[in-house]
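Throughout, a chain's letter reflects where its sequence line sits, starting with A, and its residues are numbered from 1.
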2 protein chains.
Amino acid sequence: MRFYSPSQAAEQTGFSLDTLRYYERIGLLHSIDRTAGGRRRYSDNDLGWLRLLRCLRDTGMPIAEMIRFARLTRDSEATVPERLAVLEGHDARIEERIARLREQQTQIRGKIDIYRSRQQTPPSPVA
Amino acid sequence: MRFYSPSQAAEQTGFSLDTLRYYERIGLLHSIDRTAGGRRRYSDNDLGWLRLLRCLRDTGMPIAEMIRFARLTRDSEATVPERLAVLEGHDARIEERIARLREQQTQIRGKIDIYRSRQQTPPSPVA
DNA sequence: CCTTGACCTGGAGCCCACTCCGGGTGTGAG
DNA sequence: CTCACACCCGGAGTGGGCTCCAGGTCAAGG
């Protein structure tokens, strides 16, 4: 079983050291192992979990919901349906979000086209 | 030329009254007309601009950049290329964002599949 | 005239998600 | 042994983007 120092974990997950400690404080990370001297050592498992958190976070899941999910994950196997519901709901939100982004992109592109055509006929020599 | 009360503008753009005033304060809205008594009256033009702002905002453009864009829009016609650059850059960011969302969605769906299979073999009747 | 409700202002407050700080501790190189 | 450096902790501070508040004003109905 490999272990990783805080800075290695930070590097591999893209979270800052402060954020890693913050996540632990608020209950997103559970029971991170420590060395004799009290330093954290992250396991491969921890990194996997952190990568999932990163994915959820980057797709816009609020911290509060991640905490809920983390708690479920710590609880019994019986919570699997609930965890599934969280992920499925999130997946649906991502889907909607992409659809909306596409629509909005279309609008912005319309605006771009307007500017482009305005640029191609700039002097407008009326005289 | 039609005019709209603050609450009508709010309703039509999806911004709150407070947000409309806030946007004006920080320079996102320029010279909103007033009635004799000092109340704002938004024109069709204003609403159009607000709808563009809403689109930019919802696609993640930071306020600071919108302010820059608003200033350019207030300046001479000579800033059209710059405005174009802002919108094109933003369009590109939206594109990237959608691509990343798709990737991340794929990861999340992978996780969902794992949970699903875990759920379909719950009793595991070893005996 | 009086009331009511939408609107006005400047400024304070709030929420989220970090990020920074200061003072202390362990560990490996030289 | 000493140094440097990565790490520890609790708590305060930050930045973005609103949101709320108090105390006042205007406009339309009765």
Q.
Check Arg93(B) with Glu65(B), please: is the shortest side-chain N to carboxylate O separation under 4.0 Å?
A. yes
Q) Can you tell me how far P of dA6(D) sits from CD of Glu11(A), to the nearest Å? A) 13 Å
Q | Length of the OH-C1' vector between Tyr42(A) and dC7(D), whole Å | A | 10 Å
Q. If you look at every strand shown and take non-hydrogen atoms under 4.0 Å, does Arg25(A) touch a base, only sugar-phosphate, or nothing?
A. base
Q. Does a side-chain heavy-atom distance below 4.5 Å link Cys55(A) with Ile108(B)?
A. yes
Q.
Walk me through whether Glu95(A) and Arg102(B) qualify under salt bridge (Lys or Arg N to Asp or Glu O under 4.0 Å).
A. CA-CA 9 Å; Glu95(A) 194 64 39; Arg102(B) 279 271 174 245; 3.5 Å; yes
(Q) In this structure, how many angstroms lie between the P atom of dG11(D) and the CD atom of Glu24(A), rounded? (A) 16 Å
Q. Between Arg39(B) and Thr35(B), do the side chains contain an N or O donor and an N or O acceptor separated by less than 3.5 Å?
A. no
Q | Between P of dA6(D) and CG of Leu17(A), the distance in whole Å | A | 10 Å
Q: Figure out the CG/P separation between Asp33(B) and dC7(C), and round it to whole Å.
A: 15 Å
Q.
Using only modelled atom types and a 3.5 angstrom limit, is any donor from either the side chain of Asp18(A) or the base of dC20(C) paired with an acceptor on the other?
A. yes
Q.
Rounded to whole Å, how long is the line connecting atom CG of Asp58(B) with atom P of dC18(D)?
A. 9 Å
(Q) Tell me the interatomic distance from Arg54(B), atom CZ, to dC18(D), atom C1', rounded to whole angstroms. (A) 12 Å
Q: Could you please spell out the steps behind the side chain to side chain contact (heavy atoms under 4.5 Å, CB included) verdict for Asp91(B) and Ile112(A)?
A: CA-CA 9 Å; Asp91(B) 176 55; Ile112(A) 288 175; 4.1 Å; yes
Q. So, is Ser5(A) near the phosphate of dC7(D), with a side-chain N or O under 4.0 Å from OP1 or OP2?
A. yes
Q | Contact check, side chains of Leu101(A) and Leu101(B), non-hydrogen atoms, under 4.5 Å | A | yes
Return the polar atom pairs (N/O with N/O) between nucleotides 24-27 of chain C and the protein under 3.5 Å, or none.
| from | atom 1 | to | atom 2 | distance (Å) |
| --- | --- | --- | --- | --- |
| dT25(C) | O2 | Arg39(A) | NH2 | 3.0 |

Q.
Is the phosphate of dC18(C) approached by Thr19(A) (side-chain N or O, under 4.0 Å from OP1 or OP2)?
A. no
Q.
Any carboxylate oxygen within less than 4.0 angstrom of a Lys/Arg side-chain nitrogen, looking at Arg100(B) and Asp58(A)?
A. yes
(Q) Assess whether a salt bridge exists between Glu88(A) and Arg109(B), defined as any Lys/Arg side-chain N lying under 4.0 Å from an Asp/Glu carboxylate O. (A) no
Q. Parallel under 30°, tilted from 30 to 60°, perpendicular over 60°: which one fits the rings of Trp49(A) and Phe69(A)?
A. parallel
Q) Under 4.0 Å between a side-chain N or O of Ser7(B) and OP1 or OP2 of dA6(C)? A) no
Q) Would you call Asp44(B) and Arg2(B) a salt bridge, taking side-chain N to carboxylate O under 4.0 Å as the test? A) no
Q.
Over the length of the helix from dC1(C)-dG30(D) to dG30(C)-dC1(D), how much do the five-pair end axes diverge, rounded to 10 degrees?
A. 0°
Q: Scan Arg34(B) against the nucleic acid and name what it touches under 4.0 Å (heavy atoms): base, sugar-phosphate only, or nothing.
A: sugar-phosphate
(Q) Counting only side-chain heavy atoms from C-beta out, which of dA6(C), dC8(D), dC8(C) sits nearest to Pro6(B)? (A) dC8(C)
Q) The side chain of Arg21(A) lies closest to which of these nucleotides: dT19(C), dC8(C), dC21(C)? A) dC21(C)
Q. How about Phe15(B) and Tyr23(B): are their ring centres within less than 6.0 Å of each other?
A. yes
Q | Rounded distance (Å) that lies between atom P of dC18(C) and atom CD1 of Ile67(A) | A | 11 Å
Identify each atom pair where a protein N or O and an N or O of nucleotides 14-17 of chain C are less than 3.5 Å apart, giving names and distance.
| from | atom 1 | to | atom 2 | distance (Å) |
| --- | --- | --- | --- | --- |
| dA17(C) | OP1 | Arg57(A) | NH2 | 3.3 |
| dA17(C) | OP1 | Ile63(A) | N | 3.4 |
| dA17(C) | OP2 | Ile63(A) | N | 3.4 |

